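Working notes, structure below.
Here the structure is a predicted model, which is why all the values come from computation and not from measurement.
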Amino acid sequence: MHNNIYVDTNIVIDMCDNTRDMHENSFAHITKYMEQEACELFINSDTLANVFYILSNRSTLNTSEVLDKMYFVSDIFTLVPIESEDVLKALDLCSDSTKHYKDYEDALQYICAKKIDADLIVTNDKKFVSLNIEICSTMS
């Protein structure tokens, strides 16, 4: 059983925008984790900003509906604050000669998951790299 589950931004957007292809799968998947008593769901503080921007500019939701979604997200997820050292660690991952991380946002997500000792990262990003945390998708 997974206790600390880190959720990637793409899953949160899927959950909030019912016009997206993965809306139902993502919502059902996260709801399953919400029902587990010993499970805590995490996102980073940057995810809220990104979700607000995307829902406000790329969805059919009006401002009131976007705000409702943001409060919903704030209620079900614990926010992981992003600090200067997290930014530097993500940049280091991107500049590492092994080139595991080419996407800064993914590297930052991974650093935040490490920060909270995540057992699992939920993402639909097929290129997401996790060096030592299990990954699952809501696509199945």
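Grouping the Ile, Leu, Val, Met, Phe, Trp and Tyr side chains by contacts below 4.5 angstrom, directly or via other members, places Val80 with Ile135. Note: the hydrophobic cluster containing Met139 does not contain Ile13 (ILVMFWY, side chain heavy atoms under 4.5 Å, direct or indirect links). Residues Ile5 and Val12 are members of one and the same hydrophobic cluster, defined by side-chain heavy-atom contacts under 4.5 angstrom among Ile, Leu, Val, Met, Phe, Trp and Tyr. Taking hydrophobic clusters as Ile, Leu, Val, Met, Phe, Trp and Tyr residues chained together by side-chain heavy-atom distances below 4.5 Å, Phe77 shares a cluster with Ile54. The cluster map of Ile, Leu, Val, Met, Phe, Trp and Tyr, joined by side-chain heavy atoms under 4.5 Å apart, puts Leu79 and Val66 in the same cluster.
The local environment of CD in Glu83 is crowded, with over 12 non-hydrogen atoms from other residues, nucleotides or ligands closer than 6.0 Å. Under a cut-off of 6.0 angstrom, the local environment of CG in Asp21 is sparse, with at most 12 non-hydrogen atoms contributed by other residues, nucleotides or ligands.
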Where do Asp46 and Asn44 land on the side-chain hydrogen bond (donor to acceptor under 3.5 Å, both in side chains) test, with the steps shown first? CA-CA 5 Å; Asp46 195 43; Asn44 73 43; 5.5 Å; no

Checking side-chain hydrogen bond (donor to acceptor under 3.5 Å, both in side chains) for the pair Gln36/His2: CA distance, chi angles, key distance, verdict? CA-CA 9 Å; Gln36 296 175 8; His2 299 101; over 6 Å; no

Can Tyr6 and Asp119 be said to form a side-chain hydrogen bond (donor to acceptor under 3.5 Å, both in side chains), step by step? CA-CA 8 Å; Tyr6 189 84; Asp119 311 299; over 6 Å; no

Side chain to side chain contact (heavy atoms under 4.5 Å, CB included) for Thr123 and Ser137? Distances and angles first, verdict last. CA-CA 5 Å; Thr123 182; Ser137 168; over 6 Å; no

Test side chain to side chain contact (heavy atoms under 4.5 Å, CB included) applied to Ser130 and Ile133, step by step: CA-CA 6 Å; Ser130 175; Ile133 301 172; 3.3 Å; yes

Begin with the C-alpha distance, continue with both residues' side-chain angles, and end with the deciding distance and a verdict on side chain to side chain contact (heavy atoms under 4.5 Å, CB included) for Ile82 and Leu108. CA-CA 9 Å; Ile82 298 173; Leu108 187 59; 3.6 Å; yes

Salt bridge (Lys or Arg N to Asp or Glu O under 4.0 Å) between Asp86 and Lys115, worked out: CA-CA 9 Å; Asp86 303 323; Lys115 188 174 176 175; 2.6 Å; yes

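Asn124 is listed as a side-chain neighbour of Ser26, based on a closest heavy-atom distance under 4.5 Å. Between Met70 and Val73 the shortest side-chain heavy-atom distance does not fall below 4.5 Å. Looking at Thr138 and Val122, their side chains come closer than 4.5 Å, going by heavy atoms from C-beta outward. Side-chain contact between Met15 and Ile76 is present, with at least one heavy-atom pair separated by less than 4.5 Å. Residues Gln109 and Thr9 form a side-chain contact, since some pair of their non-hydrogen atoms from C-beta on lies under 4.5 Å apart. Inter-residue side-chain proximity for Asn3 and Cys39 is flagged as unmet; no heavy-atom pair is nearer than 4.5 Å. The closest side-chain heavy-atom distance from Cys136 to His29 is below 4.5 Å. Under the 4.5 Å side-chain criterion, counting only non-hydrogen atoms from C-beta, Asp106 is in contact with Asp125.
Taken from CD1 in Ile111 to NZ in Lys114, the straight-line distance is 8.0 Å, to the nearest 0.5 Å. Going from atom CD1 of Ile11 over to atom CD1 of Ile121 covers 11.5 Å, rounded to the nearest 0.5 Å. In this structure, CD on Glu40 lies 12.5 Å from CE on Met34, to the nearest 0.5 angstrom. Between the CD atom in Glu24 and the CG atom in Asn18 there is a gap of 9.0 Å [rounded to 0.5 Å]. Atom CG of Asn10 is separated from atom OG1 of Thr47 by 9.5 Å, given to the nearest 0.5 angstrom.
Relative orientation of the Phe27 and Phe72 rings is parallel, given thresholds of 30° and 60° on the angle between their planes.
Nearest heavy atom pair, residue Asp14 against residue His23, reads O-ND1, 2.8 Å. Minimum interatomic distance between Ala107 and Cys94 (heavy atoms only, all atoms of both residues): CB-SG, 3.9 Å. What you find for Lys69 and Leu55 is that their closest heavy atoms are CB-CD1, 4.1 Å.
Residue pairs meeting the ring pair (Phe, Tyr, Trp, His ring centres under 6.0 Å) criterion with at least one member in residues 110-139, sequence neighbours excluded, are Tyr101-Tyr110. Residues in residues 39-65 take part in no ring pair (Phe, Tyr, Trp, His ring centres under 6.0 Å) pair, two or more places apart or across chains.
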